[in-house]
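First up is the structure itself, then whatever we jot down about it.
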Number of protein chains: 2
Amino acid sequence: MIRDPLKDLPGYALRRVSVAFMSRLAARLVRLHLRPTEATVLLVIQDNPGVKQSEIGRLLGVVSANMAPLVARLADRNLIIRQAVDGRSQGLTLSEAGRRTAQKARGIMDDHEADLIAHIPKADCAAFVRVLHTLANQKDN
Amino acid sequence: MIRDPLKDLPGYALRRVSVAFMSRLAARLVRLHLRPTEATVLLVIQDNPGVKQSEIGRLLGVVSANMAPLVARLADRNLIIRQAVDGRSQGLTLSEAGRRTAQKARGIMDDHEADLIAHIPKADCAAFVRVLHTLANQKDN
DNA sequence: TCAAAATGCTATACGCTATAGTTATTGTAG
DNA sequence: CTACAATAACTATAGCGTATAGCATTTTGA
């Protein structure tokens, strides 16, 4: 057995857990031909009809350069509808197909979150979630 | 303010925290011209002189196809030395320069981990670390 | 001894991230 | 009202970590 110098680094464990978690989520979403980020964008639009893609980007921490092709893909698949709200920005809404897909995506993501929770010892779960939210809501750059 | 349907998903928070954490680590390591994975590989070699790259890959969860160019880069920079242990595998050791770099990398990573810990409310820190290790050591694929 | 496993490798692709730079529109301060 | 700054959407490009497929060689073990 070889020594593991990263054994005791919480940050490294965080990274490993996140990667594994994300890859499982991606595997579940292939059924809908959605990438994880695409799915999250669909959910945001579902909850905020008429939202602008720049607003979604700010919320999710996705720069506009990456929002553009992402939104274009969803529009090309007729999952969302773009309607100009003024000369430079468009409001995004789910199409009928988009609503169905978003609903399924929500189910998948909820299941996936439930799986995560299920693997956490009950006694520590609340603290764990609390810390994650603390860290996530820190203006960490 | 727009609604955030991901607000209450711990898994999503996990992902965001991990990404932010990694990007800060990467920023700190540019000084050594090391990527995060390269730094972790250096540390593993430092702690396990003569280790084979296949062993490192298994430990860190990096497939051999990705270990090959990674190790080649470190060797090209004369940070590590490859010595054949048999016809197909090589033992990896740090060079003098590699030892210096690994030492600095360890310092950076320790500081980085300390920063993470510092941002966690003390009361929940132990539980948080416990959960991370639980999740990390689950056979999650 | 011979087939299976292991090792290192190339080529290639995907997903998320980022920066730089463009065009057009809107907002605002003088 | 004009000039300048900010906003929005976008293209092009790149870096990093991840993955699969396939290959040549060597070692192992039934």
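If you're wondering where the values come from, they're calculated on a predicted model, not measured in any experiment. First the proteins, then the strands, lettered A, B, ... as listed; each starts at 1.
Residue A:Ser54 places its side chain closer to D:dA8 than to any other of C:dG15, C:dA18, D:dA8. Set against D:dA9, C:dA18, D:dA19, the side chain of A:Ser89 has D:dA9 as its closest nucleotide. Closest contact between the side chain of B:Gln53 and the listed nucleotides D:dC10, D:dG17, C:dG8 involves C:dG8.
Atom NE2 of B:His33 and atom C1' of D:dG15 are 16 Å apart (whole Å). One interatomic measurement links the two molecules: CG of B:Leu25 to P of C:dT17, which rounds to 17 Å at whole-angstrom precision. What separates CZ of B:Arg58 from C1' of C:dT7 is a distance of 9 Å, to the nearest Å. In this structure, CD of A:Glu38 is placed 7 Å from P of C:dC16, rounded to the nearest angstrom. Going from atom CD of A:Gln90 over to atom P of C:dA24 covers 15 Å, rounded to whole Å. Atom pair A:Leu60:CG and C:dA18:C1' shows a separation of 17 Å (rounding to whole Å applied). To the nearest angstrom, P of C:dG15 lies 13 Å from CG of A:Leu74. C:dC16 atom P lies 10 Å from atom CG of A:Leu29, rounded to whole Å.
Contact annotation: A:Thr37 side-chain N/O to C:dC16 OP1/OP2 distance is under 4.0 Å. Residue A:Lys52 places no side-chain N or O under 4.0 Å from the OP1 or OP2 atom of D:dA9. Side-chain N/O atoms of A:Arg82 include one lying less than 4.0 angstrom from OP1 or OP2 on D:dC10.
Here B:Asp115 pairs with B:Arg28 in a salt bridge; the nearest charged N to carboxylate O distance falls below 4.0 Å. Looking at B:Arg106 and B:Asp111, no side-chain N of the basic residue comes within less than 4.0 Å of a carboxylate O on the acidic one, giving no salt bridge. Using a 4.0 Å cut-off between charged side-chain N and carboxylate O, A:Arg99 and A:Glu96 make a salt bridge.
DNA chain C is contacted by no residue of residues 5-14 of chain A, taking any non-hydrogen atom closer than 4.0 Å.
Across every non-hydrogen atom of A:Val85 and A:Gly91, the tightest pair is CG1-N, 3.1 Å.
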Please lay out, stage by stage, how B:Arg73 and B:Leu70 fare under the test side-chain contact (heavy atoms from CB on, under 4.5 Å).
CA-CA 5 Å; B:Arg73 278 194 303 272; B:Leu70 195 162; 3.9 Å; yes
With side-chain contact (heavy atoms from CB on, under 4.5 Å) as the criterion, how do A:His119 and B:Leu135 come out once you've worked through the C-alpha distance, each side chain's angles and the decisive distance to 0.1 Å?
CA-CA 7 Å; A:His119 285 74; B:Leu135 293 174; 3.8 Å; yes
Pair A:Gln83, A:Gln90 - check side-chain contact (heavy atoms from CB on, under 4.5 Å), show working.
CA-CA 5 Å; A:Gln83 277 168 317; A:Gln90 305 152 9; over 6 Å; no
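Judged by closest nucleotide on DNA chain D, A:Ala68 is the one of A:Ala68 and B:Pro36 placed further toward the 5' end. Residues B:Arg16 and B:Gly91 each lie close to DNA chain C; by heavy-atom proximity, the contact nearer the 5' end of the strand is made by B:Gly91. Of the two residues contacting DNA chain D, namely B:Arg35 and B:Asn66, the nearest-nucleotide position lying further toward the 5' end is that of B:Arg35.
The residue B:Arg15 sits apart from the nucleic acid: no heavy atom pair falls under 4.0 Å.
A distance of 12.5 Å separates CG of A:Leu29 from NZ of A:Lys104, quoted to the nearest 0.5 Å.
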Generate the contact string for nucleotides 21-30 of chain D. Rules: B means base contact, S means sugar-phosphate contact only, - means no protein heavy atom under 4.0 Å.
B----BS---
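Between the side chain of B:His133 and the backbone N or O of A:Lys7, at least one donor-acceptor pair lies under 3.5 Å. Remark: the backbone N or O of A:Ile2 is not paired with any side-chain donor or acceptor of B:Asn48 at under 3.5 angstrom.
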